[in-house]
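Worksheet: the structure to be examined is printed underneath.
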Amino acid sequence: MANDNNFKDWQKLAQNELRDKPLESLNIKTDAGLSIKPVYSSEDLCNADHEYQEELPGIQPYTRGPRATMYAGRPWTIRQYAGFSTAEESNAFYRKALAAGQKGLSIAFDLPTHRGYDSDHERVVGDVGKAGVAIDSVEDMKILFDGIPLDEMSVSMTMNGAVIPILASFIVAGEEQGVSRQQLSGTIQNDVLKEFMVRNTYIYPPEPSMRIVADIIEYTATEMPKFNSISISGYHMQEAGSTLVQELAYTLADGREYVRAALAKGMDVDAFAPRLSFFFCMGMDFFAEAAKLRAARLLWSKMMAEFNPKKTQSSMLRTHCQTSGVSLQEQDPYNNIVRTAFEAMSAALGGTQSLHTNSFDEAIALPTEFSARIARNTQLILQHETGVTDVIDPLAGSYYVESLTKQLADEAWLLIEEVEELGGMTKAVEAGLPKLRIEEASAIKQARIDRGDSVIVGVNKYQLKQQDKIDILDIDNKAVRSAQIARLNRIRKSRDESACISALENLTNVCKSGRGNILRIAVEAARARASVGEISTALESAWGRHVAETKMVSGVYGNSFENDPQFNDVHSQISGLENELGRKPRILVLKMGQDGHDRGAKVISTAFEDLGYDVVVGPLFQTPSEAAELAVAQKVDIVGVSSHAAGHKTLAPILLKELADRDAADKIVICGGVIPSQDYDFLKQAGVAAIYGPGTNILASASHLANLLREQMRGRNQ
């Protein structure tokens, strides 16, 4: 430290101000798992590596940014992620957004599309058009981009499971708009490894899925020079409850695995590495999030060195960011505007290349045009009114931020090395290690919230006595599905059926043989008007559909409440039920439809198990009929439906009918997740006993549910 006496003077002043509390009490452990001191100085920089102090923007290892001038030369791209039910509605929304200052498109697809099902498939009754735009064919894709010149507009598509038919349909739609594939610019996510860890919109097993990734990288490197072949995503890891260190480590480890997959096809690293991009979540740990992006660039440069690239761009990490969805709250939702603004500022200070800002109502329902405008304007205000674009890397040299950058990089590197010891990320994913680690972190984080150790304004502190209702967007799922099915039927009647069948058979043969490029053959199938579902089925015929093994973390939530009076009271309450029943009260926690976001279901499962319930976790992607069968077979008392993709109004009533048809109407059915309060009456009239929205305290819900079960038991005994 520059002046030891000054530091001693500070210690005395600080200790006097704290009075009876020791100075060490100011040291904290953040939600991200980082150890934070109350004060940082030049001594902390002396402990950091040389590059933290001396490097400049645009120069390897790029900690201060991938471009020399960063936002002073060109601001980040405003790229809002959106998709609304039909291609027609989404197209109208995109045109308005572009006219209002948005610079690129980011397409949100509905869940059937993600999972490779056409809208007429029996498993997607409640999902069509609900959480994004339904795309079944090239014709839908052409409508989606009608009047939007694809030779001028950069298009990002968040797609992993059905990435082959979606990218093939996009290429053909461009051709039929008069735009060659060489002119198309944008990004396809194509990051399937993280799907097996957290988001679960996979289709095929890990090994063939990795072949798809490599084939897309190969095809785009030769045929689509302006198109990014992969967006390596940590976003969904943080949304699933990971720490920042886990998000950073596992995202970069995924990236290394994709590079190796492309090299295994005989490609030169410089032919594809400059077109790789990344995607990170920006949560509420303001300085750590900015430091995370700086650490990511540093580590990626270090990791790419092992592949001996010749181009500087091959070692340069470029990233899109999105503000956190899990930080948004149903309670006092206008607070979410403030949260999103801080998260967006953190992304800008960290040096993102493009950014999506979430709408304030996304913890409740799909965003309205009103909320989407506020989200977009948040970025415009950042760029034009705050001065954040005037200085290149304004946080550089901060004792605190530079120290955070090093701490994040060092701790992430330990996890990256652990993955290497398992044989790389594909092997680690197959072993289930990253998924387990993330689920443990998620349970610990939820326990901190329920205990009040992590304050969330309006949720566990400073609550409103009366929640104001806000306007929400409600999609007529049945109308959207009917329209999609009608268009599919027209396409199937008008196409050359023999040419379509031949193209699909050729696609299956390429998958089985291991020879040829899958995307190249899929483009031919899309031209022949094979649908998204048909192309996906052609691949599935060769490889099968992946079924994940359901595992549950235990003990993590309960251990966080050691000697906690409220936890002990709820545990005793449930133990009392066990005595009355002669067994533990049994609950089935399930997901229906194609919604793979299972963070809420997993946290509830581990917490309820620790509290004394006997928990059965249903497999993902169940139909209401399958869920009812499982509930009867497992002889559960309670059926808990977790919903995050707006399918509850369709699927919950069907489940209740299926239970009644099996003489199981006495089972208590509850719902939890992203469910607007405006839908509560509808669900209760259908027979749902209780609804637990976002931010519900788990201890309170467990106690309330025990009371419901006890009331039902008393009613039977009377």
Side-chain angles (χ1 to χ4, degrees), residues 1-50 52-54 63-64 243-245 282-295 327 329 332 335 338-339 341-343 345-346 348-350 386-388 391 393-412 441 444-463 559-567:
M1 189 161 295
N3 190 323
D4 232 16
N5 289 330
N6 281 350
F7 183 67
K8 289 177 181 177
D9 289 343
W10 172 82
Q11 286 182 308
K12 290 179 182 177
L13 286 170
Q15 190 58 71
N16 286 337
E17 289 177 9
L18 288 173
R19 298 187 181 179
D20 297 331
K21 290 171 63 179
L23 190 58
E24 291 74 22
S25 67
L26 296 180
N27 296 327
I28 65 165
K29 192 90 167 177
T30 71
D31 286 349
L34 301 174
S35 298
I36 303 298
K37 302 190 300 182
V39 67
Y40 288 80
S41 69
S42 58
E43 186 176 79
D44 296 288
L45 291 188
C46 292
N47 292 331
D49 293 336
H50 178 72
Y52 289 99
Q53 303 169 59
E54 301 297 336
T63 312
R64 296 192 62 188
T243 66
L244 269 64
V245 171
M282 303 307 294
M284 286 298 289
D285 200 340
F286 184 84
F287 291 103
E289 291 286 7
K292 180 183 73 183
L293 299 188
R294 305 173 94 249
S327 72
Q329 304 298 326
D332 206 356
N335 289 340
V338 182
R339 293 184 177 104
F342 283 131
E343 291 167 350
M345 175 68 87
S346 184
L349 293 175
T386 65
V388 75
V391 177
D393 192 18
L395 293 184
S398 159
Y399 303 144
Y400 177 40
V401 172
E402 298 291 8
S403 182
L404 275 178
T405 301
K406 175 172 169 52
Q407 187 179 350
L408 282 162
D410 289 347
E411 293 187 20
I444 291 169
K445 186 177 292 188
Q446 185 62 47
R448 285 178 58 84
I449 293 169
D450 289 344
R451 283 184 59 135
D453 296 337
S454 294
V455 173
I456 301 179
V457 174
V459 177
N460 60 1
K461 202 169 185 180
Y462 312 113
Q463 298 100 327
N559 291 341
S560 300
F561 282 89
E562 188 176 4
N563 299 321
D564 182 86
Q566 186 183 6
F567 182 92

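Keep in mind that what you see is a predicted model, and the values were worked out from it rather than measured. Along the sequence shown, the residues carry numbers beginning at 1.
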Which atom of [X] lies closest to which atom of [Y], heavy atoms considered:
X      : Y      : answer
Ser35  : Tyr40  : O-OH, 4.0 Å
Leu349 : Pro394 : CD2-CG, 3.4 Å
Pro38  : Asn27  : CD-OD1, 3.0 Å

Do [X] and [Y] come close enough that some side-chain heavy atom pair is under 4.5 Å?
X      : Y      : answer
Leu34  : Thr243 : no
Lys37  : Asp44  : yes
Gln566 : Asp450 : no

Value rounded to 0.5 Å, distance of [atom1] in [X] from [atom2] in [Y]:
X      : Y      : atom1 : atom2 : value
Ile444 : Ile449 : CD1   : CD1   : 12.5 Å
Gln463 : Asp332 : CD    : CG    : 10.0 Å
Ser560 : Lys445 : OG    : NZ    : 13.0 Å
Asp285 : Ile36  : CG    : CD1   : 7.0 Å

Report the residues that fulfil side-chain contact (heavy atoms from CB on, under 4.5 Å) with [X], sequence neighbours left out, ordered by chain and then residue number.
X      : value
Gln329 : Gln331, Asn336, Arg339, Ile456, Val459
Gln15  : Leu18, Leu23
Ser346 : Met282, Phe286, Glu289, Ala290
Ala396 : Arg64, Arg294, Asp393, Glu402

Going by salt bridge (charged side-chain N to carboxylate O under 4.0 Å, His left out), name the pairs with one or both residues in residues 17-27, residues two or more places apart or in two chains.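 Those involving residues 17-27 do not exist here.
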Tell me, please, which residues at least two apart from Phe287 pass ring pair (Phe, Tyr, Trp, His ring centres under 6.0 Å).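 Per chain and number, Phe287 pairs via ring pair (Phe, Tyr, Trp, His ring centres under 6.0 Å) with Tyr400.
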Under 3.5 Å, is there a donor-acceptor pair between the side chain of Asp410 and the main chain of Gln407?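 No.
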